[in-house]
Amino acid sequence: MRSLRYISPHFYNFSLLLIHRTNLKRIYKTISKEIGKNKRVLDLGCATANLYRYLHKSNSYIGFELNEKFVDYCRKRGIDVRKIDMFEFEKYPEVDVIVICGVLHHVYPKHETLLKRTIQKAKVIVCEDERR
């Protein structure tokens with residue numbers, strides 16, 4: 001991990017609130033509205049799976065995350081988050097929607113490969129912060 005933000009799930013969530021303030025809720029609500037209902041959702045690089053609580057209850061959710069502390073945090077809360085590298089495309093479950101939020105700058109220059117491969121599998125929603 002390159003940043004102190006990733007040492008603790010609680011510190012990560014706090015730092016998100018400091019950075020995004022009221023926009024954080026708007027971002028997740030917008031993504032959730034775009035997803036809709038009765039969808040299978042894969043959230044790549046999901047961190048602490050903040051999107052999960054904004055999704056309609058009819059949706060099923062799976063997150064991929066490499067930070068073990070974040071994976072454990074999510075599992076303790078009953079959220080299906082798996083320690084899987086998002087570039088292991090063969091491990092993707094069959095889903096309707098793939099969410100890539102705040103991730104592309106972490107995987108640059110492999111972001112093009114990620115996008116090309118994911119759009120072959122499902123509808124893709126990308127959200128990046130313009131301040132980075």
Side-chain angles (χ1 to χ4, degrees):
M1 303 296 147
R2 292 182 220 147
S3 170
L4 288 176
R5 289 176 60 192
Y6 303 101
I7 61 170
S8 157
H10 300 288
F11 188 71
Y12 174 80
N13 286 335
F14 179 71
S15 70
L16 278 183
L17 288 173
L18 286 177
I19 293 167
H20 296 285
R21 295 183 178 85
T22 58
N23 285 332
L24 192 60
K25 186 182 272 190
R26 184 181 53 82
I27 290 166
Y28 291 129
K29 283 184 174 183
T30 301
I31 293 169
S32 179
K33 185 177 178 183
E34 182 64 29
I35 290 169
K37 300 176 182 176
N38 299 306
K39 299 292 190 288
R40 295 165 295 174
V41 179
L42 174 60
D43 189 2
L44 299 179
C46 68
T48 56
N50 287 314
L51 173 62
Y52 174 79
R53 68 181 143 139
Y54 290 90
L55 295 175
H56 189 270
K57 298 300 177 202
S58 66
N59 292 318
S60 63
Y61 176 93
I62 299 171
F64 281 9
E65 175 58 48
L66 288 178
N67 185 321
E68 273 188 58
K69 291 178 184 177
F70 290 7
V71 172
D72 291 342
Y73 173 87
C74 294
R75 287 181 179 166
K76 287 177 184 172
R77 284 157 180 74
I79 305 170
D80 185 2
V81 173
R82 304 168 187 181
K83 187 175 183 215
I84 298 176
D85 187 315
M86 69 183 75
F87 288 95
E88 294 183 59
F89 301 108
E90 69 283 355
K91 293 187 179 178
Y92 281 32
E94 191 171 318
V95 295
D96 301 300
V97 180
I98 298 172
V99 177
I100 303 171
C101 187
V103 169
L104 295 180
H105 64 281
H106 288 289
V107 299
Y108 182 86
K110 293 174 23 176
H111 65 291
E112 288 183 15
T113 300
L114 181 66
L115 292 171
K116 287 177 184 175
R117 295 293 300 272
T118 54
I119 61 172
Q120 295 172 357
K121 296 188 173 287
K123 174 181 177 176
V124 176
I125 298 173
V126 177
C127 172
E128 281 294 315
D129 184 352
E130 71 278 356
R131 291 177 283 176
R132 293 188 182 167

- Message: If you take the centroid of each ring, where Trp contributes its six-membered ring, are Tyr73 and Phe70 closer together than 6.0 Å?
- Response: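 Not close enough - the centres of the two rings lie 6.0 Å or further apart.
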
Of all heavy-atom pairs between [X] and [Y], which one has the smallest distance, and what is that distance?
X: Ile27; Y: Cys127; result: CG2-SG, 3.6 Å
X: Ala122; Y: Val97; result: CB-N, 4.1 Å
X: Cys74; Y: Ala47; result: SG-O, 3.7 Å
X: His105; Y: Gly102; result: CE1-O, 3.1 Å
X: Gln120; Y: Lys116; result: CG-O, 3.3 Å
X: Lys83; Y: Arg75; result: N-NH2, 4.0 Å

- Could you walk me through whether Asn23 and Arg26 pass side-chain contact (heavy atoms from CB on, under 4.5 Å), step by step? CA-CA 5 Å; Asn23 285 332; Arg26 184 181 53 82; 3.2 Å; yes

- Query: Are any of the side-chain heavy atoms of Tyr28 and Asn50 separated by less than 4.5 Å?
  - Reply: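 Counting from C-beta outward, Tyr28 and Asn50 do come under 4.5 Å.
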
- State, yes or no, whether a side-chain contact exists between Cys101 and Leu51 at a heavy-atom distance under 4.5 Å.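 In short, these two side chains do not touch, never coming nearer than 4.5 Å.
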
- Task: For Asp85, check side chain to side chain donor-acceptor pair (under 3.5 Å) against everything at least two apart and list the hits.
- Result: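 Once residues adjacent in sequence are excluded, Asp85 has no partner under the side chain to side chain donor-acceptor pair (under 3.5 Å) criterion.
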
- Query: Would you say Ile19 and Phe14 are hydrophobically clustered, going by side-chain heavy atoms of ILVMFWY under 4.5 Å?
  - Reply: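 They do not share one cluster, since no chain of ILVMFWY contacts under 4.5 Å joins Ile19 to Phe14.
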
Does [Y] offer a backbone N or O that forms a donor-acceptor pair with the side chain of [X] under 3.5 Å?
X: Glu128; Y: Val103; answer: yes
X: Lys69; Y: Ile7; answer: yes
X: Tyr92; Y: Met86; answer: yes
X: Thr118; Y: Leu114; answer: yes
X: Asn67; Y: Tyr6; answer: yes

Atom pair [atom1] ([X]) and [atom2] ([Y]), whose distance is rounded to the nearest 0.5 Å:
X: Asn13; Y: Ser15; atom1: CG; atom2: OG; answer: 7.5 Å
X: Ile119; Y: Leu115; atom1: CD1; atom2: CG; answer: 7.5 Å
X: Cys46; Y: Ile100; atom1: SG; atom2: CD1; answer: 13.0 Å
X: Leu44; Y: Leu104; atom1: CG; atom2: CG; answer: 10.0 Å
X: Asn59; Y: Tyr52; atom1: CG; atom2: OH; answer: 10.0 Å
X: Ile79; Y: Arg53; atom1: CD1; atom2: CZ; answer: 9.0 Å

- Task: For Lys121, check salt bridge (charged side-chain N to carboxylate O under 4.0 Å, His left out) against everything at least two apart and list the hits.
- Result: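 By the salt bridge (charged side-chain N to carboxylate O under 4.0 Å, His left out) rule, Lys121 matches no residue at all.
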
- Of Val99, Val81, Leu42, which is the lone residue that meets side chain to side chain contact (heavy atoms under 4.5 Å, CB included) with Tyr61?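 For Tyr61, the side chain to side chain contact (heavy atoms under 4.5 Å, CB included) check succeeds only for Val81.
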
- Task: Flag yes if more than 12 heavy atoms outside Phe87 fall under 6.0 Å of its CZ atom; otherwise flag no.
- Result: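 Yes, CZ of Phe87 has more than 12 neighbouring heavy atoms, counting only those of other groups under 6.0 Å.
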
- Item | Atom CD of Glu94 with >12 non-hydrogen neighbours under 6.0 angstrom |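 Incorrect, the count does not exceed 12.
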
- Query: Does one side chain, of His56 or Ser58, offer a donor that lies under 3.5 Å from an acceptor on the other?
  - Reply: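 Yes, side-chain donor-acceptor contact under 3.5 Å.
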
- Task: Name all pairs fulfilling the salt bridge (charged side-chain N to carboxylate O under 4.0 Å, His left out) condition that reach into residues 96-112, sequence neighbours left out, sorted by first residue then second.
- Result: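 Qualifying pairs: Arg40-Asp96.
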
